[in-house]
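Each chain gets a letter, A, B and so on, in the order the sequences are listed, and its residues count up from 1.
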Protein chains: 2
Amino acid sequence: MVRGKIQIKKIENTTSRQVTFSKRRSGLFKKAHELSVLCDAQVAAIIFSQKGRLYDFASSDIQKTIKRYAEYKGEYFVAESHPTEQYVQGLKKEMVTMVEKIEMLEVHNQKLMGRSLAFCSLKELQEIATQIEKSLHIVRSRKAKLYEDEVEKLKAKERELKDERVRLSGRVGEEPSGMPSGSKEKEDVETDLSIGFPKSRS
Amino acid sequence: MVRGKIQIKKIENTTSRQVTFSKRRSGLFKKAHELSVLCDAQVAAIIFSQKGRLYDFASSDIQKTIKRYAEYKGEYFVAESHPTEQYVQGLKKEMVTMVEKIEMLEVHNQKLMGRSLAFCSLKELQEIATQIEKSLHIVRSRKAKLYEDEVEKLKAKERELKDERVRLSGRVGEEPSGMPSGSKEKEDVETDLSIGFPKSRS
DNA sequence: TTGACTATGTATAACGT
DNA sequence: TACGTTATACATAGTCA
């Protein structure tokens with residue numbers, strides 16, 4: 001029994017509020033449905049309860065209704081971070097550029113590797129050959145340089161060891177003995193060191 | 001005055017339907033508002049009239065409500081062509097792959113061109129040198145083949161011309177004359193054709 | 001269109017169970 | 001918590017202005 005006009009303000013009693021919510025919610029949805037049928041309208045209603053639970057009603061597909069709303073209002077209902085069409089276009093453009101670059105590099109690579117030459121003109125072949133010769137020259141020089149450095153390092157080490165040996169002999173005050181023979185007659189250590197297999201060990 | 005219970009079905013009379021639409025719509029919005037206040041709920045309602053006109057109500061910001069709905073349902077209400085976050089992630093992943101490929105190709109290219117060798121080991125240098133030598137061999141072979149083909153073509157042409165000359169001479173019934181001298185003693189036409197500038201024209 | 005009027009149907013607040 | 005009941009408040013169909 002209704003005691004009188006109710007005030008439209010938040011119902012403080014939790015139970016009462018929940019009951020009212022449930023009843024009025026279904027009442028609202030009923031009214032929404034009736035409106036949609038009687039007047040041939042597209043109706044959608046969304047309700048979040050205080051607890052955050054979702055209730056919805058739609059006379060047709062709610063997604064369609066919301067999309068229609070979005071189009072009508074010219075708005076997207078999307079997360080803040082959602083990418084724009086423009087941004088994606090930018091990405092795609094970048095990708096096209098990258099694909100082109102990859103193709104270009106692959107073709108170049110192929111040619112430098114001596115493949116896919118079937119449609120090269122003589123002139124082009126000549127250019128490629130020149131480039132390759134140049135490359136080969138550089139690589140060989142670099143290789144030679146590395147060898148040299150290696151040899152230098154080893155020579156330095158040998159010299160160091162020899163000095164050490166002399167110093168030790170001096171301290172002991174004896175003639176060097178028990179040292180590998182033949183170390184004195186060979187002044188040029190270079191002949192003693194070589195890349196590859198050692199000649200022999202005496 | 002209401003004559004009796006009304007049927008919940010489309011009102012055929014246009015005027016009546018429009019009036020009912022207007023009244024029930026405001027009634028619905030009023031109920032929605034009351035529900036939101038009484039029960040502290042978030043309510044939104046969207047109505048499209050039969051004519052396609054939009055009416056909406058929301059207890060708070062309707063955009064927020066719809067966004068909340070979208071998040072709750074895990075859906076975007078966006079135009080068909082609008083890119084999803086997932087799609088963009090896919091693109092970005094592809095781009096990373098492409099960037100890596102480009103870097104790899106560039107490094108390879110650089111090495112084949114004899115550049116950026118500073119940090120190559122001897123072993124690596126040796127491999128590069130071997131590859132380059134192989135490439136050079138292939139390119140030179142290809143070049144040689146092209147030269148040969150060219151020469152073959154020219155020889156064939158010369159032979160053809162010679163045959164033609166002989167036939168013409170036979171028809172005229174005379175000793176060939178006015179022909180370039182020395183064409184008979186030279187059986188090997190190869191010496192007569194060369195790549196580059198012609199030696200001379202007699 | 002829009003707003004009033006009003007008889008009547010409906011929704012629902014306050015209770016029970 | 002959820003469902004009946006019921007007295008009331010509210011909504012609204014039909015009508016007129």
Enumerate donor-acceptor pairs with a distance under 3.5 Å from any side-chain N or O in residues 91-104 of chain A to protein atoms, sequence neighbours excluded.
| from | atom 1 | to | atom 2 | distance (Å) |
| --- | --- | --- | --- | --- |
| A:Lys92 | NZ | B:Tyr87 | OH | 3.1 |
| A:Thr97 | OG1 | A:Lys93 | O | 3.0 |
| A:Lys101 | NZ | B:Glu106 | OE2 | 3.2 |

Donor-acceptor pairs under 3.5 Å, side chain of residues 136-143 of chain B to any protein atom, not counting sequence neighbours: which ones?
| from | atom 1 | to | atom 2 | distance (Å) |
| --- | --- | --- | --- | --- |
| B:Arg140 | NH2 | A:Glu133 | OE2 | 2.7 |
| B:Ser141 | OG | B:His137 | O | 2.8 |
| B:Arg142 | NH2 | A:Ala118 | O | 3.1 |
| B:Lys143 | NZ | A:Gln126 | OE1 | 2.7 |

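We find that CD of B:Gln7 is positioned 13 Å from P of C:dG9, with the value rounded to whole Å. Regarding B:Ile8, its CD1 atom lies at a distance of 11 Å from the C1' atom of D:dT12, rounded to whole Å. If you measure from atom CD1 of B:Ile6 to atom P of D:dT15, you get 14 Å, rounded to the nearest angstrom. When rounded to the nearest whole Å, the span between CD of A:Gln18 and C1' of C:dA14 equals 17 Å. Rounded to an integer number of Å, the gap from A:Ile11 CD1 to C:dA14 C1' is 11 Å. The CG atom of B:Asn13 sits 11 Å away from the P atom of D:dT15 (whole-angstrom rounding). Between the NZ atom of B:Lys51 and the C1' atom of C:dT1 there is a distance of 10 Å, given to the nearest Å. The nearest whole Å value for the distance from the CZ atom in A:Phe21 to the P atom in D:dT1 is 13 Å.
Among the heavy atoms of the strands, none lies under 4.0 Å from B:Ser22. Residue contacts for A:Thr15: at a heavy-atom cut-off of 4.0 Å it reaches no nucleic acid atom on any strand shown.
With sequence neighbours excluded, the residues that form a side chain to side chain contact (heavy atoms under 4.5 Å, CB included) with A:Arg24 are A:Ile6, A:Thr20, B:Lys31, B:Glu34, B:Leu35, B:Leu38. Judged as a salt bridge (charged side-chain N to carboxylate O under 4.0 Å, His left out), and not counting sequence neighbours, the contacts of B:Glu164 are B:Arg167. Legend: residues meeting salt bridge (charged side-chain N to carboxylate O under 4.0 Å, His left out) with A:Lys23, ordered by chain and number and at least two apart, are absent. With sequence neighbours left out, the salt bridge (charged side-chain N to carboxylate O under 4.0 Å, His left out) criterion links A:Asp163 to no other residue. Qualifying salt bridge (charged side-chain N to carboxylate O under 4.0 Å, His left out) partners for A:Asp40, counting only residues two or more places apart in sequence or in other chains: B:Lys10.
Of the residues in residues 23-32 of chain B, those placing a heavy atom less than 4.0 Å from an atom of DNA chain D are B:Lys23, B:Arg24, B:Gly27, B:Lys30, B:Lys31, in numerical order. Contacts between residues 33-47 of chain A and DNA chain D, counted as heavy-atom distances below 4.0 Å, involve no residue at all.
The stretch residues 112-128 of chain B participates, sequence neighbours left out, in these salt bridge (Lys or Arg N to Asp or Glu O under 4.0 Å) pairs: B:Lys111-B:Glu124, B:Lys123-B:Glu127. Under the ring pair (Phe, Tyr, Trp, His ring centres under 6.0 Å) criterion, the residue pairs touching residues 22-44 of chain A are A:Phe29-A:Phe57, with sequence neighbours excluded.
A side-chain donor from one of B:Gln131 and B:Ser135 sits under 3.5 Å from a side-chain acceptor of the other. There is no side-chain donor-acceptor pair under 3.5 Å between B:Ser59 and B:Gln42.
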So what is the 5' to 3' dot-bracket string for DNA chain C, if pairs are Watson-Crick or G-U wobble with both distances under 3.5 Å, crossing pairs use [ ] and | means the partner sits on another strand? .||||||||||||||||
